[in-house]
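The structure under discussion appears below in the form of structure tokens.
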Amino acid sequence: MKHLPIFISIRNKPCVVIGGGLVATRKVSSLLDSGAHITVVSPVITQEIQQHVATGKLQHHSRVFLDSDLNDAYLVFAATNSREINRHIGKLAEAKHQLVNIADDPDNCNFVLPSVLDRSPVVIAVSTGGASPVLARQLRMQLEAMIPSACGRLAGITEEYRKKVKSFFPKQTQRKQFWENALKGPVSELVYAGQEASARLHLDEMLEQGLETSPMGEVYLVGAGPGDPDLLTFKAVRLMQQADVMVYDRLVSQPILDMANPEAERLYVGKQKDDHAVPQQKINDLLVEKAKQGKRVLRLKGGDPFIFGRGGEEIETLTEHGVPFQVVPAVTAASGCAAYAGIPLTHRDHAQSVTFATGHLKDGTINLNWEQLTQANHTLVFYMGLSGISEISKQLQLHGMSANMPAALIEKGTTRNQRVHIATLATLPEKVIESGVSAPTLTIIGEVVKLHDKLNWYQPERHVKETDFSLHNT
Ligand code: SAH
């Protein structure tokens, strides 16, 4: 390790920046965040530094550098555009045992500024020892995506409870156990979801219960989106990676399952070869049972859990049993498929509203308000509509929709196997048979389907069969 990473307090300490260009400006802004007493020495300064001078945040000497500028400085930044002057400053500072950073000259610095992820009081610093500041910034941005934005608030609440926890648990090992349980359980997630009052209540309950009672687990009802793993939310990925048990069904694609905690117990509740899915009530009970064992249970759902996902039923059972849970929304099949097929669901000229409906056939019929669905300038999206496609086509025509209304069947939308089949309202049933389309498939009906040819830039041919989404990323 070339440098020892330390976090030092420089509040109100004299720090001097020699130079007034862009590099100096960056150093100044890092310093400002830490409350240092800053002096900039340079005949010319950027507008940003001028503003800081005007608002009294720093001092400025408008002249060239003098050796005496280093006098009692705690940190020295040499950021002039002359390498010689910078080196001269470096040598002077070294001789005085000061900490000095020289712009663009890592070998002659005795400290470097890391790239910083600030979730105060949590601060993560990334350094490449000056080898590649760009790489350090990129790594920091990756961390930015992984570390919840409310991580600092969680640290704040932890601090607030330190004394209280100490009074309940005199031994250090007990306190460690308590915090491990608390931070692994619902407390962190409550804070991340902005529910700090509930997090405090939960901590108080945990203190009252002591360490003997096994902590209650929780259920994460997480939307996995329509298929492309890149469409997952940050929150979904985080919860997938910390779950102890994973309950999933057929609509969740393999690349997404691969992203979950490899150690998690995996329970498949979708349709088996004999075509029998685990009944909903059994799934609800399973979630409760696992959570009561103290497990963090991930219930992964295709698309969004609250759109034809029976998410509502699952959380009802959880509430009845006092199991904490959270619901994570996701891209639903309608928006995912529409975007990846170049069919905007609304459009100034073609559709001012859109309906998501279920095309699920029950006793040979679909219970929908067909009159409402056939209004003009409206887009219809049918989930689960394959088996009921003849009924959908028939009813919409009976209620006045033109037989020529454009329609699209989007099969395995947003995945590498996406196929888009274009038809009209009248030809939809025959298109389903002739194309051999299989589930999951989404049906979009409306004028907006006409835009598919024009907007589907990565599928230049009409009625194209395969879509290679790697094109998307080039
Ligand atoms: N909760 C899910 C919908 C579940 S209902 C969501 O928000 O997307 C299941 C139906 O969703 C399927 O029958 C199909 O119509 C649609 N669907 C889900 N994923 C799909 C995909 N990748 N491509 C096309 N249709 C999909």
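Ligands are counted one by one from 1 in listed order, and the atoms in each one are counted from 1 as well. Just so you know, these numbers use all the heavy atoms, side chains as well, and skip hydrogens, waters and symmetry mates.
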Task: OG1-CD1 distance between T427 and I422, expressed to the nearest 0.5 angstrom - done: 10.0 Å
Open item on the list: Measuring from atom CE of M259 to atom CE of M240, what distance do you get when rounded to the nearest 0.5 angstrom?
Closed with: 5.5 Å
Open item on the list: Which protein residues come within less than 4.0 angstrom of ligand 1, counting heavy atoms only?
Closed with: P226, L251, G302, G303, D304, I307, F308, T332, A333, C337, Y383, M384, I410, K412, G413, P440, T441, L442
Task: Donor-acceptor side-chain pairing of Q395 and E391 below 3.5 angstrom - done: yes
Open item on the list: Checking side-chain polar atoms at under 3.5 Å, does E189 have a donor or acceptor matched by the opposite partner on Q242?
Closed with: yes
Open item on the list: Can you confirm if the aromatic rings of Y220 and F325 lie within a centre distance of less than 6.0 Å?
Closed with: no
Open item on the list: What verdict does the side-chain contact (heavy atoms from CB on, under 4.5 Å) test give for D285 and E289, after you've listed the backbone C-alpha separation in whole Å, the side-chain angles of each residue and the deciding distance to 0.1 Å?
Closed with: CA-CA 6 Å; D285 295 344; E289 180 196 319; 6.0 Å; no
